[in-house]
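It should be emphasised that the depicted structure is a prediction, and the values quoted were computed from it without experimental measurement.
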Amino acid sequence: MTELTILKERVLRDGKCLPGGILKVDGFINHQMDPQLMMAIGQHFAQLFKDSGANKILTIEASGIAPAITMGLAMNLPVVYVKKKKPSTMGSAYVTSVHSFTKDRDYTVSVSREFLSPSDRVVIIDDFLAFGNAARGMIDLIQQAGAQIMGLGFVIEKTFQEGGKWLREQGYHVESLVQVTSLDNCEIKLL
């Protein structure tokens, strides 16, 4: 059984649908984590992006960190995560605003200029792709740094919320391990 099959089975079995198009996978991906599954996810992302030429992985706190770290381990690449609050110890930073769909609020996010530069070739990794707000924010930060975007990877994409469609229309290489096509009537349907 492949890691993608296992991941799909876990989403169907352990995922919980909430009204408003929200899929909760906090029992195995983004609150309590299944370490073996997370390692398999990272290794799969590493295979998908092995020829991308990336020298860095970027994610956003907090739920993207685990899949990004396991991919970083598999590819021997550094992982940088975008912070939702700029610490007082952070010097010069790239800053943008991101709207959270699940929390329905805006965040000012930042990444230190020390860890993102014009010489970087970046793969973005995150747990979810819905409307693409977090991805757009990370793209903005990468563009501010003058770095290159080599691709974007998501553990779960909600295709009906069209963030993936927009990213692909912009010409980005997008990989999603699980594609949720509908959460209508709180029933999880996968591609």
Side-chain angles (χ1 to χ4, degrees), residues 29-30 33 35 38-103 105-157 161-177:
I29 289 183
N30 58 15
M33 286 178 258
M38 204 55 71
M39 285 301 295
I41 287 168
Q43 289 166 350
H44 194 79
F45 277 137
Q47 282 299 309
L48 291 171
F49 293 104
K50 69 180 179 188
D51 297 324
S52 68
N55 69 343
K56 193 164 285 183
I57 299 166
L58 184 73
T59 191
I60 191 164
E61 67 177 348
S63 301
I65 295 173
I69 286 285
T70 57
M71 179 183 172
L73 280 169
M75 294 184 76
N76 196 28
L77 292 178
V79 175
V80 176
Y81 70 88
V82 174
K83 295 184 174 261
K84 289 185 180 170
K85 289 191 176 183
K86 184 179 176 189
S88 60
T89 57
M90 185 185 288
S92 182
Y94 302 108
V95 179
T96 194
S97 181
V98 171
H99 181 77
S100 169
F101 169 72
T102 49
K103 294 186 172 83
R105 64 175 283 209
D106 292 330
Y107 291 93
T108 298
V109 299
S110 58
V111 64
S112 173
R113 290 176 185 256
E114 181 181 356
F115 302 125
L116 198 57
S117 71
S119 63
D120 286 323
R121 298 174 313 280
V122 183
V123 171
I124 293 171
I125 296 294
D126 207 356
D127 62 336
F128 268 97
L129 173 58
F131 293 104
N133 298 331
R136 289 178 202 222
M138 287 186 277
I139 288 168
D140 182 29
L141 294 171
I142 292 166
Q143 289 173 338
Q144 286 180 48
Q148 290 181 299
I149 299 162
M150 309 311 288
L152 300 94
F154 302 93
V155 178
I156 298 169
E157 176 182 351
Q161 290 175 328
E162 300 197 347
K165 179 182 178 200
W166 182 85
L167 290 169
R168 290 176 182 97
E169 285 173 351
Q170 303 309 303
Y172 293 112
H173 171 198
V174 178
E175 297 284 353
S176 300
L177 303 187

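Heavy-atom contacts from other residues, nucleotides or ligands closer than 6.0 Å to OH of Tyr81 number 12 or fewer.
How far NZ of Lys50 is from CE of Met71: 12.5 Å, rounded to the nearest 0.5 Å. To the nearest 0.5 Å, atoms NE2 (His173) and CZ (Arg168) are separated by 9.0 Å. The distance from the CG atom of Leu48 to the CD atom of Gln43 is 12.0 Å, given to the nearest 0.5 Å. Taken to the nearest 0.5 Å, the NE2 atom of His44 stands 10.0 Å off from the CD1 atom of Ile41. The distance from the CG atom of Asp126 to the CG atom of Leu152 is 9.5 Å, given to the nearest 0.5 Å. Put simply, CG on Asn133 and OG on Ser97 are 9.5 Å apart, with the number rounded to the nearest 0.5 Å.
Contact of the His99 side chain with the Phe131 side chain is not registered, since no non-hydrogen atoms from C-beta on lie closer than 4.5 Å. Using a 4.5 Å cut-off on side-chain heavy atoms (C-beta onward), Ile139 and Tyr172 make contact. A heavy-atom distance below 4.5 Å is not found between the side chains of Leu116 and Val80. A 4.5 Å side-chain heavy-atom check between Val82 and Tyr107 finds every atom pair outside the cut-off. Between Met38 and Ile29 the shortest side-chain heavy-atom distance falls below 4.5 Å. Between Phe45 and Leu177 the shortest side-chain heavy-atom distance falls below 4.5 Å. A 4.5 Å side-chain heavy-atom check between Phe128 and Asn30 finds at least one atom pair inside the cut-off.
When atom types are taken as modelled, the side chain of Glu61 and the backbone of Lys84 share a donor-acceptor pair closer than 3.5 angstrom. At distances below 3.5 Å, at least one donor-acceptor pair connects side-chain atoms of Lys56 with backbone N or O atoms of Phe115. Of the possible donor and acceptor atoms, one in the side chain of Asn55 sits under 3.5 Å from a partner among the backbone N and O of Arg121.
The shortest heavy-atom contact between Ile125 and Ala68 is CG2-N, 3.8 Å. Taking both residues in full, the closest heavy atoms of Val95 and Ser110 are given as CG2-CB, 4.0 Å, listed atom of the first, atom of the second, then distance. The heavy-atom pair separating Gly72 from Val79 by the smallest distance is CA-CG2, 4.0 Å. Ala135 and Phe154 make their closest contact through CB-CZ, 4.0 Å (heavy atoms, listed as atom of the first residue, atom of the second, distance). Contact record, Ala147 with Asp120: CB-O, 3.3 Å, taken as the closest heavy-atom pair. Taking every heavy atom of both residues into account, Ile60 and Ala134 meet most closely at CG2-CB, 4.3 Å.
Just one residue in the list Asp51, Val123, Ile57 forms a side chain to side chain contact (heavy atoms under 4.5 Å, CB included) with Met150, and that residue is Val123.
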